[in-house]
Structures are given as structure tokens and as C-alpha cells.
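A quick write-up on the structure given underneath.
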Amino acid sequence: MSRRLYPILALWPLLAILCGLASCTKEIDIRPRAEVQVAVSCVLANTDLQRLKLTYSKEMGRGHYFDEVEQATATLYEEGTAVGVFTKAGYGDWELHFRPTPGRHYRLEVEVPGRPTLRATTTMPSPVAVRRKRGRRSPTTRTFIQRQLSEPYWILCLHSSLKELPADPQRLPTLEQDPKVDLFKEIATDHRRVDQFNGVGELSKWDPDHQQAAIYQYYARIAPPREGEKGLPYEFVVQHAPVQASFVVFRAASVEYDRYLRSVLEKMQFYESEGDPSAWFDQTVVYSNIEHGLGIFGAYYQTAYYYHEALPI
């Protein structure tokens with residue numbers, strides 16, 4: 001399996017400024033010409049339908065429209081045995097009806113005419129060992145208990161469109177039933193092992209009784225415990241801005257998905273830094289594990305908890 005990292009260089013704005021200072025009169029395109037490659041995006045999930053996206057790569061600054069890979073044969077293998085071939089479902093989109101099994105190894109092979117076979121491997125993780133705690137109802141604070149922790153996982157919060165109270169409070173809506181969810185831009189947690197890389201440097205502003213939680217952009221990454229660290233189980237909270245209905249989601253991540261998601265968030269943070277000249281020298285990279293191509297083949301096991309402001313916890 002390839003473990004290449006692909007830098008995206010952005011030196012041309014600085015050189016253009018230097019050219020202007022020297023009274024250059026001819027415009028020159030100095031952006032490096034990158035080889036067009038097949039870009040693969042496939043993250044296995046604990047659902048019955050797996051999705052794959054196949055496009056051709058494009059250099060930064062050359063538009064947001066990506067050409068699709070029109071012809072391809074994409075096969076998924078489980079422990080070395082083929083379990084299905086993806087079928088085309090739309091522009092650049094492919095699908096396969098299959099549910100991965102936690103702990104098993106998977107390999108993706110994509111054959112595109114005239115190009116070498118693209119390959120990557122991953123392992124389907126097990127669910128996060130977290131359970132919801134019953135207690136005080138709050139429009140913003142959700143309490144959980146961390147039972148075990150050995151692998152990294154990610155927390156995200158989604159604004160739910162399912163705002164009508166369920167007829168049976170014991171049968172809450174699932175994330176799969178929600179036709180439209182929106183990712184919260186900020187969430188907060190006081191988890192002991194939260195990764196600080198995407199913190200905003202502020203404490204929670206949504207619940208005066210739980211202001212010890214720090215705020216993070218979009219996701220909160222939970223790192224594995226240090227060697228010899230004890231203290232499990234323990235409680236922690238997850239918070240988001242007040243809404244009528246929401247989901248708190250825990251994603252156990254494969255090694256590949258964990259590295260990919262962190263690198264994407266780091267890249268995003270870098271370019272959101274307004275007025276920082278260092279962006280001209282961007283050397284941050286987005287992780288890729290696709291042999292003979294670009295992109296990600298990973299996996300996550302997702303657990304989602306539904307909350308409604310009118311329902312007791």
C-alpha cells in the first residue's frame with residue numbers, strides 16, 4: 001500500500017509580486033504543471049450501501065469542475081476475496097450494495113483503460129466504546145461515558161431536519177432516516193484525550209453549567225490514551241449551538257481515514273488564516289494512500305445519537 005503525501009505548492013503569488021516590483025510587463029504562468037491522475041474517494045461505512053467517486057485530478061486555481069472517469073472497473077475485496085463490483089450511479093459516482101464487517105481487511109482495485117491498476121487497503125474498525133448517559137436535559141450539552149479507548153475516533157454534531165416529535169419516545173429517529181443534515185461549524189468537548197490541533201482557543205459559550213469544554217472546528221479528534229494511562233471509565237460532554245433537533249456522531253476511524261481527515265482539516269485551517277503571507281509557501285499536504293493515483297480508501301464505523309429539545313434524556 002502506498003503511503004505517499006502530495007504537497008500542493010502555492011509559490012506563484014509571491015513570484016508574481018516580485019515580478020511586479022521589477023517592472024515586468026509580460027504575464028507568465030509559472031504554476032507547476034502537474035500530471036493528471038485518477039483521484040479516488042471511497043470511505044467504507046457501516047451501512048448497506050458503499051460509495052466511490054472517480055474523477056481526474058486538477059491543479060489548484062484551475063476551476064472547481066472535475067472531469068469524471070467515464071469507464072472503470074472497481075472491485076472490492078474482503079480478506080482477499082472479491083465481494084462486489086461498483087456500478088456507475090451518476091457523474092463520477094459509483095455504488096456497491098455491501099456492508100463491511102468490523103475487524104476485516106479490505107482492498108480496492110480500480111482499473112481504468114490505459115492506466116495502471118489503482119490499489120489501496122484498509123481495515124474496518126469496531127464501534128467506539130461510548131454510551132449515552134441519562135440525566136439532566138439541556139438544549140446544548142450531551143453527556144457520555146467513555147468505557148474503553150484504544151484507537152483514535154472523531155466526534156461531529158449534525159443539525160437534524162427531523163423536528164417532529166416521534167410518536168414513540170423509545171423509538172428515536174436514526175441518522176439514515178434524516179433526508180437533510182447540516183454539520184455544525186463549531187462543537188465543544190471536555191474529553192481528556194481530545195486533540196488540540198483544530199481548537200479555536202475558546203471555551204464553551206452555550207451552557208453556563210458546562211463552560212469547561214473547549215471549542216473545535218467541525219470535528220473533535222479523540223486520541224488514544226498514553227501508555228500506562230488509567231482512569232476509565234469516565235464522563236465527558238459534547239456541546240453545540242442550541243437547535244431543536246440534532247445528532248451527536250462518533251466515528252471510529254481506520255488508520256487511513258484518521259490521517260486523511262486530519263490532513264484535510266489542517267489544509268482548510270491553513271487557507272482560512274486571513275492575511276497570513278505564509279500561505280504563499282504552503283507545504284501542507286493531504287494524505288493519500290492510492291497506489292498509482294491520488295485520494296483515499298479508508299473506513300469508519302459510525303454511531304449516532306438523536307436529541308430533541310422537547311424530549312427528556
Side-chain angles (χ1 to χ4, degrees), residues 2 4 6 8 10 31-78 82-100 106-122 124 156 158-161 175-183 185 218-219 249 251 253-254 256-257 259-261 263-265 267-268 271 285-300 302 304:
S2 173
R4 291 172 291 173
Y6 294 87
I8 300 178
R31 288 174 290 188
R33 294 288 181 175
E35 176 188 358
V36 175
Q37 300 187 64
V38 176
V40 178
S41 178
C42 180
V43 181
L44 303 178
N46 54 313
T47 59
D48 293 327
L49 184 65
Q50 307 306 315
R51 301 183 183 278
L52 164 69
K53 194 169 188 65
L54 295 175
T55 59
Y56 289 104
S57 64
K58 179 176 293 186
E59 296 176 54
M60 288 187 63
R62 298 189 182 275
H64 301 287
Y65 180 83
F66 293 87
D67 294 328
E68 70 168 345
V69 176
E70 296 183 351
Q71 296 182 356
T73 302
T75 306
L76 182 66
Y77 295 83
E78 181 185 78
V83 293
V85 177
F86 287 82
T87 57
K88 195 170 184 180
Y91 189 89
D93 294 323
W94 303 69
E95 296 179 346
L96 172 63
H97 290 272
F98 175 77
R99 179 179 284 264
Y106 293 89
R107 183 174 83 253
L108 176 67
E109 292 191 357
V110 180
E111 298 178 4
V112 178
R115 293 179 176 269
T117 301
L118 292 87
R119 296 185 179 88
T121 61
T122 193
M124 186 66 182
L156 59 148
L158 302 171
H159 187 184
S160 174
S161 64
L175 185 55
E176 291 73 20
Q177 295 171 335
D178 198 328
K180 185 180 184 300
V181 292
D182 294 312
L183 180 66
K185 184 176 181 178
Y218 297 107
Y219 296 79
V249 181
R251 282 184 180 175
S254 69
E256 300 79 14
Y257 181 67
R259 293 185 64 181
Y260 172 76
L261 186 53
S263 68
V264 167
L265 289 173
K267 173 72 71 174
M268 180 195 69
Y271 280 97
V285 293
V286 173
Y287 172 77
S288 171
N289 68 327
I290 305 298
E291 183 181 354
H292 299 136
L294 300 173
I296 178 64
F297 176 59
Y300 65 76
Q302 182 167 272

State the [atom1]-[atom2] distance between [X] and [Y], to the nearest 0.5 angstrom.
{"X": "Leu175", "Y": "Thr47", "atom1": "CG", "atom2": "OG1", "result": "10.5 Å"}
{"X": "Leu183", "Y": "Leu158", "atom1": "CG", "atom2": "CG", "result": "6.0 Å"}
{"X": "Glu291", "Y": "Glu109", "atom1": "CD", "atom2": "CD", "result": "9.0 Å"}

What is the minimum heavy-atom distance between [X] and [Y], and which atoms define it?
{"X": "Ala82", "Y": "Thr75", "answer": "CB-CG2, 4.0 Å"}
{"X": "Leu52", "Y": "Ala74", "answer": "CD2-CB, 3.4 Å"}
{"X": "Ser288", "Y": "Gly293", "answer": "OG-O, 4.1 Å"}
{"X": "Glu111", "Y": "Thr117", "answer": "CG-OG1, 3.8 Å"}
{"X": "Asp67", "Y": "Tyr91", "answer": "CA-OH, 3.6 Å"}
{"X": "Leu44", "Y": "Gln50", "answer": "CA-OE1, 3.3 Å"}

Is the backbone of Tyr287 close enough, under 3.5 Å, to the side chain of Ser263 for a donor and an acceptor to pair up by distance?
-> yes

Answer yes or no: is there a donor N or O on one side and an acceptor on the other, between the side chain of Glu256 and the main chain of Ala299, under 3.5 Å?
-> no

Please examine the side chains of [Y] and [X], heavy atoms only from C-beta on, and report whether any two atoms are closer than 4.5 Å.
{"X": "Ile290", "Y": "Gln37", "value": "no"}
{"X": "Phe297", "Y": "Arg107", "value": "no"}
{"X": "Lys53", "Y": "Trp94", "value": "no"}
{"X": "Val69", "Y": "Tyr56", "value": "yes"}
{"X": "Thr121", "Y": "Tyr77", "value": "no"}
{"X": "Asn46", "Y": "Met124", "value": "yes"}

Partner set under side chain to side chain donor-acceptor pair (under 3.5 Å) for [X], not counting sequence neighbours:
{"X": "Tyr300", "result": "none"}
{"X": "Arg99", "result": "Asp48"}
{"X": "Glu68", "result": "Lys88"}

Might you work through the side chain to side chain contact (heavy atoms under 4.5 Å, CB included) test for Arg259 and Asn289, ending with a clear yes or no?
-> CA-CA 10 Å; Arg259 293 185 64 181; Asn289 68 327; over 6 Å; no

For [X], what residues pass the side chain to side chain contact (heavy atoms under 4.5 Å, CB included) criterion, not counting sequence neighbours?
{"X": "Leu96", "value": "Leu76, Phe86, Phe98"}
{"X": "Glu95", "value": "Leu49, Arg51, Ala89"}
{"X": "Ala253", "value": "Trp154, Tyr257, Asp258"}
{"X": "Ser161", "value": "Asp178, Pro179, Lys180"}

Checking side chain to side chain contact (heavy atoms under 4.5 Å, CB included) for the pair Leu156/Tyr218: CA distance, chi angles, key distance, verdict?
-> CA-CA 7 Å; Leu156 59 148; Tyr218 297 107; over 6 Å; no

With Leu118, which of Leu108, Leu294, Val38, Leu54 fulfils side chain to side chain contact (heavy atoms under 4.5 Å, CB included)?
-> Val38

Qualifying residues under salt bridge (Lys or Arg N to Asp or Glu O under 4.0 Å), relative to Glu78, sequence neighbours excluded = Arg104

